[in-house]
Asks: 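Before we start, here is the structure in question, set down as structure tokens.
Side-chain atoms are counted along with the backbone in the values below, which use heavy atoms only and exclude waters and symmetry mates.
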Amino acid sequence: MHIAPSILSADFSRLGEQVRDACEAGARWIHIDVMDGHFVPNITFGPLVVAALRPIADHYTATLDTHLMISDPDRYIEDFANAGSDIITVHVEACTHLHRTVHAIRSYGKRVGVALNPATSLNTLEEILPDIDLALLMTVNPGFGGQQFIPASLNKVARLRQLLNDHNLGHIYIQVDGGVNLTTIGPLVRAGADVLVIGSALFNQKASIATNLAALTAASAD
């Protein structure tokens, strides 16, 4: 089980410092939500932010996990690959030719993720599963941090875990993103999630990043 801090909820004026703090506390995945204002109603980061975080990730041997919530992601795969992303995840809903996009990512030597919005059926993943390393289930409607977890997502995670087991694809990570906190992390892990993207429950004013990460890790085992 990996906790992947989402920098969408970090203090942008201290981004490098907060990523270092998360890594010092034990995080080894850093989740970078890239939004373009078209596919989702928000605008966030570009390849320059990935490049700026690459030296920090290298120091801690951390994974830069780049989630492209953008229209026409094929145009930007090379940019994010060259910037230093380790994993590049694209949305089923944004890709006209998903197989081609997945193999374009792979051609840069990167691990590949495919994401589904909450209302998108797992059936859309079945044909591409043998070609990917990670399946990301959005557990909120994408675009903004701090949203409420959609309860029906638990069943979707469990069904995806069963699907992977049935096809002997247990090596594929199940990542969840949205509304993961002290209450939801345990049920999600029990349902079969491997990678938990966490933003506001980790980066907040209530406690330090290290304290929050320790509490979330403990809650994941409850």
Asks: Test your reading of the model: is there a side-chain donor-acceptor pair from N117 to the backbone of A119, 3.5 Å cut-off?
Replies: no

Asks: If you count every heavy atom of other residues, nucleotides or ligands that lies below 6.0 Å from H103 atom NE2, does the total exceed 12?
Replies: yes

Asks: Aromatic ring centroids of F45 and F80 under 6.0 Å?
Replies: no

Asks: With rounding to the nearest 0.5 angstrom, report the CZ to CD1 distance, R54 to I30.
Replies: 10.5 Å

Asks: Between T124 and L116, which heavy-atom pair has the shortest distance, and what is it?
Replies: OG1-CD2, 3.3 Å

Asks: Using only heavy-atom distances, determine whether the side chains of S153 and T139 contain a donor-acceptor pair under 3.5 Å.
Replies: no

Asks: Please answer: with hydrophobic residues joined when any side-chain heavy atoms are less than 4.5 Å apart, are L68 and I128 in the same cluster?
Replies: yes

Asks: Nearest heavy-atom pair of Q18 and I209: which atoms, and what distance?
Replies: O-CD1, 3.7 Å

Asks: Is any side-chain heavy atom of I150 closer than 4.5 Å to one of N141?
Replies: yes

Asks: Answer yes when D133 and K110 have at least one side-chain N-carboxylate O distance shorter than 4.0 Å, and no when they do not.
Replies: no

Asks: Find out whether V157 and R161 are in side-chain contact, i.e. whether some heavy atom of one side chain is under 4.5 Å from a heavy atom of the other.
Replies: no

Asks: With the side chain counted from C-beta on, respond yes when I32 and T44 share a heavy-atom pair under 4.5 Å apart, and no when they do not.
Replies: no

Asks: Start with the C-alpha distance between H67 and D65, add both sets of side-chain angles, then the distance that settles side-chain hydrogen bond (donor to acceptor under 3.5 Å, both in side chains), and finish with yes or no.
Replies: CA-CA 7 Å; H67 178 193; D65 170 28; over 6 Å; no

Asks: Answer yes if I43 and V49 sit in the same cluster of Ile, Leu, Val, Met, Phe, Trp and Tyr residues linked by side chain heavy atoms under 4.5 Å apart, and no otherwise.
Replies: no

Asks: So which atom in S200 and which in S9 form the shortest heavy-atom distance, rounded to 0.1 Å?
Replies: N-OG, 3.2 Å

Asks: To the nearest 0.5 Å, what is the distance between CD1 (I105) and CG (D74)?
Replies: 8.0 Å

Asks: If you compare all heavy atoms of D33 against all heavy atoms of S6, which two are closest, and at what distance to 0.1 Å?
Replies: OD2-OG, 3.1 Å

Asks: If you measure from CG on L125 to CG on L137, what distance do you get to the nearest 0.5 Å?
Replies: 7.5 Å

Asks: List the atom pairs, with distances to 0.1 Å, where a side-chain N or O of residues 214-222 and a protein N or O form a donor-acceptor pair under 3.5 Å, not counting sequence neighbours.
Replies:
unit_1 : atom_1 : unit_2 : atom_2 : d
T217   : OG1    : L213   : O      : 2.8
S220   : OG     : T217   : O      : 2.6

Asks: Does one hydrophobic cluster hold both V189 and V197, with members joined at side-chain heavy-atom distances below 4.5 Å?
Replies: no

Asks: Are any of the side-chain heavy atoms of T63 and R111 separated by less than 4.5 Å?
Replies: yes

Asks: How about Y76 and P47: do any of their side-chain heavy atoms sit closer than 4.5 Å?
Replies: no

Asks: Got a second to check how far R28's CZ is from H2's NE2, nearest 0.5 Å?
Replies: 11.0 Å

Asks: State, to 0.1 Å, how close L64 and G84 come at their nearest heavy-atom pair, and which atoms those are.
Replies: CD1-O, 3.8 Å

Asks: To the nearest 0.5 angstrom, please state how far the CG atom of L169 sits from the CD1 atom of I174.
Replies: 10.5 Å

Asks: Look at R159 together with D166 and state whether they make a salt bridge at an N to O cut-off of under 4.0 Å.
Replies: no

Asks: Would you be so kind as to tabulate the donor-acceptor pairs closer than 3.5 Å made by side chains of residues 178-185, with sequence neighbours excluded?
Replies:
unit_1 : atom_1 : unit_2 : atom_2 : d
N181   : OD1    : T183   : N      : 2.9
N181   : OD1    : T184   : N      : 3.0
N181   : OD1    : T184   : OG1    : 3.2
T184   : OG1    : G179   : O      : 2.9
T184   : OG1    : N181   : N      : 2.9

Asks: Would you please test L129 and L163 for side chain to side chain contact (heavy atoms under 4.5 Å, CB included) and show each step?
Replies: CA-CA 10 Å; L129 283 175; L163 179 64; 3.7 Å; yes

Asks: Between CG of L53 and CG of L48, what distance do you get to the nearest 0.5 Å?
Replies: 11.0 Å

Asks: Do you know the tightest heavy-atom contact between I87 and G113?
Replies: CG2-N, 4.3 Å

